[in-house]
Amino acid sequence: MSSLLTVEQHRARILDALVALPSESLPLAQAHGLTSATDARAAVHIPVFDNSAMDGFAVRSADLVTATAESPVPLEVVADLPAGSPEDPPLAPGQAARIMTGSAVPTDADAVVPVEHTLAALQDSLTRTDVTVSARVGQHIRRRGGDLAAGDVVVRRGEELTAFHLAALAAAGVARVAVHRRVRVAIVSTGSELVMPGGELRRGQIPESNGTLLAGLAAEAGAEVVHTARVADDPDAFGASLVAAADAGADVVVCTGGVSVGAYEVVRDVLEGDRVRFDRVAMQPGKPQGFGALDSGIPVFCLPGNPVSVAVSWETFVRPALGHLQGRRNLDRPVIRLPTSIGWRTPPDRRQYLPAAIDRSDPGRWTVAPATAGGSGSHLAGGLARAEAYAVIPAEVGSVAAGDLVAVMLVS
């Protein structure tokens with residue numbers, strides 16, 4: 001193992017080794033959660049045409065200069081325009097068209113009067129309406145291109161496509177979008193002590209949770225899990241799992257356990273060499289880390305085995321790497337600063353990532369506290385159920401006191 005690295009040094013080494021996956025063109029219905037590979041531009045204006053924002057009457061505003069509740073102005077209704085109508089009826093002075101919300105505004109009209117400002121209901125106004133207010137030019141008209149013009153960028157390259165993005169693209173007349181394909185992940189959990197959840201436990205055995213954790217985190221990161229394995233501390237079994245991962249088409253392999261300096265460290269024993277490097281990173285939990293490439297060329301992450309270490313390692317290294325592979329511009333979680341409700345000690349000379357819960361009971365003063373009474377112990381998997389963030393404490397800070405402002409990285 002090398003000397004202690006900073007989190008930034010290890011992350012930079014990982015990102016420098018990875019190239020974004022190829023792009024493909026997909027229908028919008030298949031693009032949710034993927035990343036735009038190009039700037040996607042509007043094919044049509046939004047709105048496509050001048051249209052009515054109200055149910056009422058398309059009018060010439062000059063006809064209504066004197067209109068009041070006491071002295072309404074009568075108009076002849078010469079057309080009826082439901083939504084979707086292609087008609088563009090001419091309007092002479094003193095004439096109006098009954099119009100529904102979303103309908104194209106006649107070329108000769110320069111305003112829309114809501115039905116509420118007339119004396120009769122819409123169903124009684126097929127031939128005449130009496131208007132009780134004046135109208136300004138442009139009133140209640142949604143102008144063509146007022147939101148976006150054809151050719152404007154709707155979604156920037158590197159943005160994850162949410163339902164909002166896809167709806168905007170659809171409204172802009174875009175049917176397909178160029179995206180980076182979903183990254184395929186293989187997960188290999190190592191440890192002779194691991195038993196499938198619900199299985200009978202002998203002395204020294206524990207339920208295997210890292211595979212479940214990583215599969216969920218991978219899905220949340222927009223990845224597809226193509227292979228999972230739980231193997232004992234046996235080099236041949238571990239090697240076979242890596243072959244199976246490659247056969248499954250994995251773009252990335254994530255291993256847990258077997259990376260430290262003790263005996264039976266199967267991941268390190270099998271992989272350490274010219275292509276895979278193991279380091280100690282100045283963080284807690286998650287100090288032992290490995291990264292490199294298998295003989296097949298597939299990038300491999302070698303994470304510690306304790307569940308909180310796995311979660312923190314994923315957040316600091318693997319999730320940004322998957323985002324990078326998928327071409328995302330923003331690789332980082334949002335960070336806010338909150339006061340702590342209690343104090344705790346921090347590890348010397350290592351950045352602490354403390355699973356944390358946010359207390360929102362006082363809307364004017366949110367606070368943050370450890371999600372478990374055991375702090376950031378790497379084995380405290382139960383506390384993850386209550387964690388919605390990490391309190392990130394710099395390496396040079398020796399302790400945190402109640403009321404201190406700390407950086408809080410939101411993860412849910």
Side-chain angles (χ1 to χ4, degrees), residues 18-53 82-86 100-104 142-187 212-228 245 247-252 254 298-299 314 318-334 410-412:
L18 302 175
V19 177
L21 296 171
S23 63
E24 58 186 347
S25 176
L26 290 179
L28 295 186
Q30 298 176 26
H32 185 263
L34 299 178
T35 304
S36 178
T38 61
D39 287 351
R41 297 180 179 273
V44 299
H45 294 293
I46 304 178
V48 178
F49 45 80
D50 288 359
N51 70 87
S52 177
S85 171
M100 302 300 112
T101 301
S103 301
R142 302 162 174 163
R143 290 300 184 189
R144 176 176 183 261
D147 185 11
L148 286 175
D152 284 351
V153 174
V154 183
V155 175
R156 296 285 180 190
R157 182 180 68 179
E159 290 192 88
E160 180 183 355
L161 296 174
T162 66
F164 285 1
H165 290 105
L166 297 176
L169 289 167
V174 177
R176 302 179 68 89
V177 62
V179 294
H180 293 282
R181 68 167 175 80
R182 200 175 300 279
V183 62
R184 298 187 288 260
V185 176
I187 299 166
T212 300
L213 170 64
L214 290 176
L217 292 172
E220 291 173 5
E224 176 188 2
V225 177
V226 295
H227 174 73
T228 59
D247 290 344
D251 299 305
V252 168
V254 183
I298 301 173
W314 175 278
V318 185
R319 194 188 67 82
L322 298 189
H324 181 71
L325 284 169
Q326 294 176 98
R328 291 186 184 163
R329 286 190 301 156
N330 186 8
L331 303 181
D332 298 312
R333 297 281 200 180
L410 305 176
V411 296
S412 66

Counting N and O atoms only, with roles assigned by atom type, does the side chain of [X] sit under 3.5 Å from a partner on the main chain of [Y], one being a donor and the other an acceptor?
{"X": "Ser36", "Y": "Thr38", "value": "yes"}
{"X": "His45", "Y": "Arg144", "value": "no"}
{"X": "His324", "Y": "Leu18", "value": "yes"}
{"X": "Arg41", "Y": "Gly151", "value": "yes"}

To the nearest 0.5 Å, what is the distance between [atom1] on [X] and [atom2] on [Y]?
{"X": "Arg184", "Y": "His227", "atom1": "CZ", "atom2": "NE2", "result": "14.5 Å"}
{"X": "Arg328", "Y": "Glu160", "atom1": "CZ", "atom2": "CD", "result": "4.0 Å"}
{"X": "Leu322", "Y": "Trp314", "atom1": "CG", "atom2": "CH2", "result": "4.5 Å"}
{"X": "Leu21", "Y": "Asp251", "atom1": "CG", "atom2": "CG", "result": "5.0 Å"}
{"X": "Ser52", "Y": "Arg142", "atom1": "OG", "atom2": "CZ", "result": "7.0 Å"}
{"X": "Thr35", "Y": "Leu325", "atom1": "OG1", "atom2": "CG", "result": "10.5 Å"}

ask   = Which residue pairs satisfy the salt bridge (charged side-chain N to carboxylate O under 4.0 Å, His left out) criterion with at least one member in residues 218-228, sequence neighbours excluded?
value = none
request  = Can you run down the salt bridge (charged side-chain N to carboxylate O under 4.0 Å, His left out) pairs that involve residues 146-155, sequence neighbours left out, and say none if there aren't any?
outcome  = none
key: Heavy atoms from other residues, nucleotides or ligands near CZ of Arg156 exceed 12 (cutoff 6.0 Å)   =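 No.
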Shortest non-hydrogen contact between [X] and [Y], atoms and distance:
{"X": "Val154", "Y": "Ala172", "value": "CG2-CB, 3.9 Å"}
{"X": "Gln326", "Y": "Arg182", "value": "OE1-CA, 4.0 Å"}
{"X": "Val44", "Y": "Ala171", "value": "CG2-O, 3.9 Å"}
{"X": "Gly146", "Y": "Pro47", "value": "N-CD, 3.6 Å"}
{"X": "Ala83", "Y": "Ser103", "value": "N-OG, 3.0 Å"}
{"X": "Leu26", "Y": "Val179", "value": "CD1-CG2, 3.7 Å"}

side-chain contact (heavy atoms from CB on, under 4.5 Å) partners of [X], counting only residues at least two apart:
{"X": "His165", "answer": "Val155, Glu159, Leu161, Thr162"}
{"X": "Asp247", "answer": "Val243"}
{"X": "Val225", "answer": "Ile187, Ala215, Ala218, Thr228"}

inquiry  = What I want to find out is whether Asp39 reaches Arg157 closely enough, with some N-O distance under 4.0 Å, to be called a salt bridge.
reply    =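 Not counted as a salt bridge, because no side-chain N and carboxylate O are separated by less than 4.0 Å.
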query = Excluding sequence neighbours, so at least two apart, what forms side-chain hydrogen bond (donor to acceptor under 3.5 Å, both in side chains) with Ser25?
reply =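 Scan of Ser25 (side-chain hydrogen bond (donor to acceptor under 3.5 Å, both in side chains), adjacent residues dropped) gives Arg176.
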inquiry  = Between Leu34 and His32, does the side-chain contact (heavy atoms from CB on, under 4.5 Å) criterion hold? Intermediate values first, please.
reply    = CA-CA 6 Å; Leu34 299 178; His32 185 263; over 6 Å; no
